[in-house]
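Written out below as structure tokens is the structure these notes cover.
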Amino acid sequence: MTTAAAPSSAALALDAACDHLLALQEPAGWWKGELQTNVTMDAEDLLLREFLGVRRPRDTEEAARWIRSQQRDDGTWATFHGGPGDVSTTVEAYAALRLAGDPADAAHMRAAARFVLDAGGIEASRVFTRIWLALFGQWSWRDLPVLPPEMMFLPPWFPLNVYDWACWARQTIVPLTIVSAARPVRPLPFTLDELRTGRRVRRAPRGGWEAAFAALDRALHRYERRPVPGLRRAAVRRAAEWIVARQERDGSWGGIQPPWVYSLIALRLCGYGLDHPVMRKGLDGLERFIIRDEQGRRLEACQSPVWDTVLAINALRDAGLPPDHAALVKAAGWVLGEEIRGPGDWSVRRPGLRPGGWAFEFDNDVYPDVDDTAEAVLALRRVDHPDVRPAVERAVTWMAGMVSRDGGFAAFDADNTRTLCTRLPFCDFGAVIDPPSADVTAHTVEALVAEPPAPPARPDLVRRAVVWLLKAQEEDGSWFGRWGANHVYGTGAVVPALVAAGVRTDARCVRRAVAWLESHQNDDGGWGEDMRSYTDPSWIGRGASTPSQTAWALLALLAAGERSEAVERGVAWLVSHQRPDGTWDEPFFTGTGFPGDFSINYHLYRLVFPISALGRYVAAVGATAQPHETAVAEQAGHREAGGTRTVAP
């Protein structure tokens with residue numbers, strides 16, 4: 001059991017952490033930590049390059065080395081650190097290693113094959129995996145759900161139109177309609193028969209929506225054998241134009257891997273040559289998402305500079321850096337330059353709303369999101385920069401206009417709540433709609449209440465959002481975390497928002513949340529929640545202690561006015577687990593892409609959230625540390641920017 005740390009120790013730990021974070025700032029003003037996911041990114045990158053005919057020996061060798069390094073002792077690959085073996089991830093990793101030349105009878109390949117067969121073989125893998133296999137003749141297109149490009153002609157009000165899908169799914173589905181129509185095959189010099197069980201893929205049960213959509217899929221398969229030629233050509237052309245119109249400046253689609261790779265494949269099938277500017281920009285852009293080190297070559301599924309930068313600003317302000325600190329002013333200037341002032345897919349549901357806000361990535365101008373915008377508003381208003389006010393006002397107007405009918409806020413779209421598309425046979429992986437969530441709604445509430453004077457509509461907007469949050473509280477007192485793991489993240493976001501909105505700290509909703517957090521504190525003083533909590537309720541609130549999750553719990557407890565033993569033990573855990581260089585180790589994944597299916601380890605979370613928690617704790621108890629200069633700060637040139645953090649006595 002961890003004992004309480006002296007407040008001065010917390011202040012010293014805070015200073016060291018701030019020094020480390022300041023040293024990571026890029027000259028242009030932004031921060032970006034690695035966004036770590038799983039080896040399907042690297043396997044699919046090799047398969048993409050094989051399909052396009054651009055796979056290079058060096059890339060193959062380095063990617064294969066990375067994939068091998070992530071295989072566990074039982075022969076499997078998982079979707080997150082410490083998680084169970086995943087059959088689809090293991091199939092894709094195995095296929096990539098066969099492509100790289102690893103023989104099927106090698107020990108590590110035999111171990112992987114045993115797991116796949118025991119788990120049901122290729123037949124048990126997800127639809128996305130079987131699409132990749134179909135591209136290379138290792139699965140029959142006839143045994144995959146049909147995605148007809150004719151769906152491009154469905155109007156936005158009609159069920160199953162492309163805008164019924166969440167933005168990340170929408171950008172993936174549209175190119176896959178072209179791929180599904182073309183049914184290409186690029187044969188490989190080997191087969192994957194050793195991964196087959198011979199069993200048929202499980203069919204949907206009779207009755208209900210599943211049976212109805214299974215019947216629809218059968219009808220679409222019949223249509224696919226003889227589509228209307230003119231309609232099919234027009235639909236493919238419409239889909240290709242839609243794709244090209246949404247390519248970002250950096251060559252990506254949405255700044256994320258899935259639509260990026262499928263868009264390149266789809267456009268190639270439409271006759272776009274590899275030297276076409278769209279294709280060239282897309283392939284060149286992928287190179288900027290590559291990380292190379294001694295373990296090999298890996299591809300980031302996405303990059304998070306805006307999110308990381310606004311979190312860093314808020315953390316450093318929580319730590320006591322003044323609003324005119326040079327590092328913060330430079331960061332704010334960079335963030336202001338990333339503001340999105342044009343329309344996007346969100347305009348389909350909100351055509352009269354004036355644009356203004358931020359995306360997650362360097363370039364994702366079609367898809368700003370409410371969560372990043374809320375955090376940016378919270379950050380910018382705390383920095384002395386002359387251009388902040390107009391940008392914040394535009395962002396608040398846009399953010400307020402993105403409220404859904406039920407009073408909550410989602411990430412990318414408003415009222416993206418139709419569940420019909422989730423029942424399609426295609427949808428066996430990940431979230432495909434974007435309904436309001438507790439964490440996004442909480443961050444938005446914080447941003448809106450921080451913006452006095454409020455227009456007449458805003459108090460009602462905040463009040464409705466608070467009511468939404470109160471209704472979303474779980475029976476055990478926690479909140480579900482959509483974009484972070486999981487109930488610790490949701491509760492850590494909601495409690496500070498409720499208090500900021502005027503909910504009393506002795507209110508029953510707050511007390512229930514505090515009781516839940518205290519009852520789920522680990523014996524070592526920290527908090528952790530395993531990614532399995534998304535699919536197995538027995539894991540809710542349970543897991544190895546991590547710096548980010550411990551910080552989330554502390555942020556909620558401190559907002560609730562707690563100065564309890566639980567807070568002291570949590571702070572002591574952070575202090576005792578800090579590395580000598582001021583940061584923390586965090587191998588566990590605490591970020592979420594698709595709950596239960598796609599997990600993320602944000603490498604900056606382990607630093608920014610502990611800084612916020614320690615900063616608020618130190619401010620609450622009035623602790624100080626002796627000012628000191630560290631070698632890290634000196635090497636980063638931060639003396640002239642104000643040196644290390646200082647807390648006013």
Side-chain angles (χ1 to χ4, degrees), residues 24 32-83 85-113 115-116 128-129 132 136 188-190 192 195 251-252 255-258 260-261 264 282-304 585-589 591 593 598-604 606:
L24 295 177
K32 185 184 81 67
E34 180 179 347
L35 191 149
Q36 180 185 353
T37 54
N38 65 70
V39 298
T40 59
M41 299 297 103
D42 314 291
E44 292 172 7
D45 182 62
L46 289 185
L47 293 170
L48 166 72
R49 293 171 190 276
E50 175 70 11
F51 185 88
L52 296 178
V54 297
R55 183 168 61 86
R56 298 178 301 191
R58 181 194 171 198
D59 293 339
T60 303
E61 188 280 324
E62 291 181 347
R65 179 150 43 93
W66 168 253
I67 293 171
R68 290 187 209 104
S69 76
Q70 300 303 297
Q71 188 177 22
R72 286 102 62 83
D73 292 341
D74 62 357
T76 68
W77 284 266
T79 60
F80 58 90
H81 178 82
D86 181 74
V87 62
S88 298
T89 304
T90 302
V91 167
E92 294 187 31
Y94 183 98
L97 291 181
R98 288 295 310 274
L99 192 63
D102 290 20
D105 60 357
H108 66 291
M109 300 294 277
R110 290 200 310 271
F115 167 77
V116 171
F128 273 100
T129 298
W132 280 106
F136 298 99
L188 295 172
F190 57 84
L192 296 175
L195 301 184
S252 72
I256 54 178
Q257 184 263 6
W260 199 337
V261 297
L264 288 171
L283 286 167
D284 289 346
L286 279 173
E287 293 301 319
R288 291 192 289 273
F289 280 58
I290 297 294
I291 296 175
R292 285 185 168 91
D293 59 23
E294 65 280 356
Q295 287 185 287
R297 171 189 182 274
R298 59 189 181 275
L299 177 72
E300 289 184 284
C302 184
Q303 294 181 335
S304 53
D585 289 319
E586 186 167 278
F588 293 96
F589 287 40
F598 192 78
S599 305
I600 301 170
N601 184 338
Y602 292 97
H603 282 209
L604 215 62
R606 65 193 66 179

Any chance you could measure [X], atom [atom1], to [Y], atom [atom2], to the nearest 0.5 Å?
{"X": "E92", "Y": "N38", "atom1": "CD", "atom2": "CG", "result": "8.5 Å"}
{"X": "L188", "Y": "L47", "atom1": "CG", "atom2": "CG", "result": "7.5 Å"}
{"X": "M41", "Y": "L299", "atom1": "CE", "atom2": "CG", "result": "7.5 Å"}
{"X": "W66", "Y": "E294", "atom1": "CH2", "atom2": "CD", "result": "9.5 Å"}
{"X": "R68", "Y": "M109", "atom1": "CZ", "atom2": "CE", "result": "9.0 Å"}
{"X": "L48", "Y": "Q257", "atom1": "CG", "atom2": "CD", "result": "8.5 Å"}

Fill in: Given V39, D42, T89, the one that forms side-chain contact (heavy atoms from CB on, under 4.5 Å) with Q70
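Output: one option passes, namely V39.
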Any side-chain heavy-atom pair of [X] and [Y] under 4.5 Å:
{"X": "V116", "Y": "Y94", "answer": "no"}
{"X": "T40", "Y": "W132", "answer": "no"}
{"X": "T37", "Y": "F598", "answer": "yes"}
{"X": "L604", "Y": "L24", "answer": "yes"}
{"X": "D59", "Y": "I290", "answer": "no"}
{"X": "N601", "Y": "F80", "answer": "no"}
{"X": "D45", "Y": "R297", "answer": "yes"}
{"X": "D74", "Y": "F115", "answer": "no"}

Worksheet item: For the side chain of R110 and the backbone of G75, is there at least one donor-acceptor N/O pair under 3.5 Å apart?
Response: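 No, because the side chain of R110 does not come within donor-acceptor range (under 3.5 Å) of the backbone of G75.
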Could you report the tightest heavy-atom contact between [X] and [Y], atom names first, then the distance?
{"X": "G296", "Y": "R65", "value": "N-NH1, 3.5 Å"}
{"X": "E50", "Y": "F136", "value": "CG-CE2, 3.7 Å"}
{"X": "P103", "Y": "R98", "value": "C-CD, 4.4 Å"}
{"X": "L99", "Y": "F190", "value": "N-CZ, 3.7 Å"}
{"X": "H81", "Y": "P587", "value": "CB-O, 3.2 Å"}
{"X": "L35", "Y": "C302", "value": "CB-O, 3.5 Å"}

Practice prompt. Could you tell me whether D293 and R298 have a side-chain N and a carboxylate O separated by less than 4.0 Å?
Written response: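 Yes, D293 and R298 are salt-bridged.
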Worksheet entry | Salt bridge flag under 4.0 Å for residues R606 and E34 |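 Looking at E34 together with R606, the answer is no, because their closest N to O distance does not fall below 4.0 Å.
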